[in-house]
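What follows is a short report on a single structure.
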There are 2 protein chains.
Amino acid sequence: MTRARAAVLSALEAASEPLSAAGVASRLTGACDQATVYRALHHLEEAGLAESFVLHCAMHGVERYYAAASSTHRHWFHCESCHRFVDLGECRLGGIVSELEREHGLRVTRHTMYLTGVCGDCAAIEGGRPRDGSRGRRGAAT
Amino acid sequence: MTRARAAVLSALEAASEPLSAAGVASRLTGACDQATVYRALHHLEEAGLAESFVLHCAMHGVERYYAAASSTHRHWFHCESCHRFVDLGECRLGGIVSELEREHGLRVTRHTMYLTGVCGDCAAIEGGRPRDGSRGRRGAAT
DNA sequence: GTACATTTGCGAATCATTCGCATTATTGTC
DNA sequence: GACAATAATGCGAATGATTCGCAAATGTAC
């Protein structure tokens with residue numbers, strides 16, 4: 001594995017939540033080019049070392065987020081107030097997915113699922129700004 | 001409701017599957033500006049008349065797809081061969097979502113779920129091009 | 001260590017989506 | 001039905017994530 005790819009993979013593994021390409025790039029000290037980050041992320045996903053999904057959030061717009069692949073497929077919750085992710089743990093959709101697969105005669109190769117709303121921390125602060133609201137790049141948080 | 005918004009809404013209602021902004025625009029005879037289509041789609045979604053999700057497909061790239069809101073929340077399957085959507089019917093995630101909400105102390109306001117793979121028709125054609133593969137705009141179907 | 005195959009950097013290009021602003025359509029009110 | 005106030009539309013340009021082309025640099029097999 002090349003240096004750039006290894007660096008991108010460790011960034012994903014070190015993170016406690018999915019990272020966008022920009023998020024990965026900002027964590028790479030020996031900065032490598034953004035095109036390389038994108039290519040590395042593609043490569044890691046194809047190699048089964050990372051999983052990704054596309055999510056829209058008011059603060060960051062539409063971006064693809066990557067997480068290092070764990071032993072089991074996982075899903076995430078995204079807080080629309082603090083813009084952090086909460087790990088929802090192992091996927092529980094197996095039953096529903098195979099049910100739908102059977103009922104509709106499909107061959108499902110992949111599924112995407114994520115929840116959005118307000119996390120416990122932010123809910124506790126009664127709709128105000130959470131304790132860590134300092135992560136955005138692009139404004140627009142109404 | 002203005003003419004443009006009404007036109008966009010009927011396009012969504014007439015379609016048997018979710019449409020991207022480009023898809024809506026291409027079905028509007030008395031063509032209105034693309035910016036207007038985007039604004040109308042936003043408006044309809046805010047008004048609860050449409051639902052949307054962002055999906056990536058090899059042929060069309062990342063796009064947001066809109067469907068006229070029916071009485072119940074629905075989910076879709078996207079075929080990676082013919083690039084059509086299959087309606088999976090009423091959402092069955094209620095149980096799982098509230099379970100996760102409780103377990104993680106979240107307030108879930110929205111969830112996104114979709115399946116991708118090969119639909120029955122395409123599977124029957126053994127990996128070949130399906131009967132209707134003539135819908136793409138941007139190349140890249142490897 | 002050499003030669004060949006890959007990957008990286010850099011800069012420019014794409015593509016969906018959004019913005020600014022002047023013009024036009026809607027809508028409630030007389 | 002005409003009028004004023006408000007919101008929506010068209011047009012053109014801008015934005016932001018992502019991708020491409022190509023030359024230089026790195027990784028890998030022998």
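All chains are named by letter (A, B, ...) in the order of the sequence lines, taking the proteins before the strands, and each is independently numbered beginning at 1.
- When rounded to the nearest whole Å, the span between CZ of B:R64 and P of D:dA17 equals 15 Å.
- Between A:H111 and A:H73, the ring planes are perpendicular. Angles over 60° get that label, and only those under 30° would be called parallel.
- A donor-acceptor contact closer than 3.5 angstrom links the side chains of B:E45 and B:S52.
- Between B:H43 and A:M1, it is B:H43 whose nearest contact on DNA chain D lies nearer the 5' terminus.
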Check nucleotides 8-10 of chain C against the protein and report each pair of N or O atoms closer than 3.5 Å, with its distance, or say if there are none.
residue, atom, partner, partner atom, Å
C:dT8, OP1, A:T2, OG1, 2.9
C:dG9, OP2, A:D33, N, 3.1
C:dG9, OP2, A:T36, OG1, 2.6
C:dG9, N7, A:R39, NH2, 2.9
C:dG9, O6, A:R39, NH2, 3.3

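- Considering all non-hydrogen atoms of both residues, A:L19 and A:A11 come closest at CD1-O, 3.8 Å.
- At whole-Å resolution of the value, NE2 in B:H56 and P in C:dC15 are 14 Å apart.
- The separation between A:L41 atom CG and D:dT18 atom C1' is 11 Å, rounded to whole Å.
- Among the atoms of the strands shown, only primed sugar atoms or phosphate atoms (P, OP1, OP2) are found under 4.0 Å from some heavy atom of A:H42.
- Phosphate contact (OP1/OP2 of D:dT19, side-chain N/O of A:Y38, threshold under 4.0 Å): absent.
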Side-chain donor-acceptor contacts of residues 2-9 of chain B below 3.5 Å, not counting sequence neighbours, with atom names and distances?
residue, atom, partner, partner atom, Å
B:T2, OG1, B:R5, N, 3.4
B:R5, NH1, B:H43, ND1, 3.4
B:R5, NH1, B:H43, NE2, 3.3

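- Remark: C1' of C:dT17 and OH of B:Y65 are 14 Å apart, rounded to the nearest angstrom.
- Relative orientation of the A:F85 and A:W76 rings is perpendicular, given thresholds of 30° and 60° on the angle between their planes.
- For B:E63 and D:dG16, the CD to P distance is 21 Å, given to the nearest whole Å.
- To the nearest angstrom, C1' of D:dA8 lies 14 Å from CD of B:E46.
- Across all non-hydrogen atoms, the minimal contact from A:E51 to A:R74 is OE1-N, 3.9 Å.
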